[in-house]
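The block underneath contains the structure these notes are about, expressed in structure tokens.
Chain letters run A, B, ... following the sequence lines, proteins first, then strands; residues in each count from 1.
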2 protein chains.
Amino acid sequence: MSPIERVECCEVTELHEDVLQQINAKMPDLDSLYDLAELFKIFGDSTRIRILFVLFEAEVCVCDLAEALNMTQSAVSHQLSILKRNKLVKSRRDGKSVFYSLADDHVRTIIGQGMDHISE
Amino acid sequence: MSPIERVECCEVTELHEDVLQQINAKMPDLDSLYDLAELFKIFGDSTRIRILFVLFEAEVCVCDLAEALNMTQSAVSHQLSILKRNKLVKSRRDGKSVFYSLADDHVRTIIGQGMDHISE
DNA sequence: TATTCATTTGAACATATATTCATATGTTCA
DNA sequence: TGAACATATGAATATATGTTCAAATGAATA
């Protein structure tokens, strides 16, 4: 029988041991938690948020996005590549222009929840 | 009557002008967009995500959190202060210990949506 | 095919942020 | 009151990340 590891904090052992075991049992695996953090990190930048809000309204080309956000086309393109790499937007080339749109409506849901939260 | 500003991109003017006006009309004010990004930024760190998952299960003290996450008490405390400052968790002192818990169930909803997304 | 337009990409830079370390604060109890 | 414990906090450090600049790629067209 393996020795029970001592919990060094709060001068308490068994009680905390119980709680910690229950917590560990329900905790998703570390990979999922990292993925989740990565997902939210994508939404955690105002440029990307603004891009997504534009795409809620219409499919637009890169230069229109730059115009709408009053940013350089390069900066916008960099952020679009992040959004695309994470499958939040998709793109379609039409002649010289590339048009971006939302990959799916999941994005709307997540941002909608966030809006609900900040408007209390 | 003010002159209509020229759109410099894609060699197109009126067509894009239309789209941009429609987009601007529906776009939330910049402050809200910044707040939204700030909110998601909080969730965009795996340490904070792990803390929140622990708090989904139980109200725990700082040293138990440090133990559960295998991190220093100081690092956990710093992250807790961020979560508290943004009203995602609340705290309660009991003797020498300080116990943290979720501020409200909105947090569960947001993280739940995120989990739905990453599990495709 | 040479030119122009739209976009992408890589490197450099500046800024933001997570953790560590040392120390301070707050609480209990002898 | 002094000692021990639990937590908080400030400064320093290392890393991550967003924007800019310059240059490359891709597509249309004269």
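Between R93(B) and T72(B), it is T72(B) whose nearest contact on DNA chain C lies nearer the 5' terminus. The residue among G95(A) and S77(B) whose nearest nucleotide of DNA chain D is located toward the 5' end is S77(B).
Taking each heavy atom of D64(A) and V60(A) in turn, the nearest pair found is CB-CB, 4.3 Å. In plain terms, the two heavy atoms of A103(B) and K87(B) that are nearest each other are CB-O, 3.3 Å. Taking every heavy atom of both residues into account, A68(A) and L20(B) meet most closely at CB-CD2, 3.6 Å.
Rounding to the nearest 0.5 Å gives a distance of 10.5 Å between CD of E11(A) and NE2 of H16(A). Taken from CZ in F43(A) to CZ in R48(A), the straight-line distance is 10.0 Å, to the nearest 0.5 Å. Once rounded to the nearest 0.5 Å, the distance linking NZ of K96(B) with SG of C10(A) reads 9.0 Å.
Spacing between atom CG of D64(A) and atom C1' of dC5(C) amounts to 14 Å, rounded to whole angstrom units. With rounding to whole Å, R92(B) atom CZ is found 13 Å from dA8(D) atom P. Taking atom CZ of R50(A) as the reference point, atom C1' of dT19(D) lies 13 Å away to the nearest angstrom. Following rounding to the nearest Å, M71(B) (CE) and dT20(C) (C1') show an atom-to-atom distance of 10 Å. We find that CG of D94(B) is positioned 18 Å from P of dG26(C), with the value rounded to whole Å. Between N70(B) atom CG and dT19(C) atom P the separation is 13 Å, expressed in whole Å. In this entry the distance linking CG of L80(B) with C1' of dT9(D) reads 13 Å, nearest Å. Note: CG (L69(B)) to P (dT7(D)) measures 13 Å, nearest angstrom.
Set against dT19(D), dC5(C), dC5(D), the side chain of K96(B) has dC5(D) as its closest nucleotide. Closest to the V98(A) side chain, of the nucleotides dT8(C), dA8(D), dA6(D), is dT8(C). Taking every side-chain heavy atom of K41(B) into account, dT17(C) is the closest of dT19(D), dA8(D), dT17(C). Set against dA6(D), dA18(C), dT7(D), the side chain of Q79(B) has dA18(C) as its closest nucleotide.
Within 4.0 Å (heavy atoms only), I42(B) reaches no atom of the nucleic acid at all. Across all strands, L65(A) comes closer than 4.0 Å to no nucleic acid atom at all (heavy-atom distances). When heavy atoms are screened at a 4.0 angstrom cut-off, T47(A) is found touching the sugar-phosphate backbone but no base atom. Here Y100(A) lies in heavy-atom contact (under 4.0 Å) with sugar-phosphate atoms only.
DNA chain C forms stems at C:1-30 with D:1-30, each a run of 3 or more consecutive Watson-Crick or G-U wobble pairs whose two key distances fall under 3.5 Å.
Formation of a donor-acceptor pair under 3.5 Å by the D45(B) side chain with backbone atoms of T47(B) is found in this model. Checked by atom type and distance alone, the side chain of K90(A) pairs as donor or acceptor with a backbone atom of L102(A) at under 3.5 Å.
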Each nucleotide N or O in nucleotides 10-13 of chain D that has a protein N or O under 3.5 Å away: list the pair and distance.
from    : atom 1 : to     : atom 2 : distance (Å)
dG10(D) : O6     : H78(B) : NE2    : 2.8

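Between the side chains of D94(B) and S97(B), not a single donor N or O lies within less than 3.5 Å of an accepting N or O.
You won't find any donor-acceptor pair under 3.5 Å spanning the side chain of Q73(A) and the base of dA6(C), going by distance alone.
Shown here is D29(A), whose CG atom has more than 12 heavy atoms of other residues, nucleotides or ligands within 6.0 Å.
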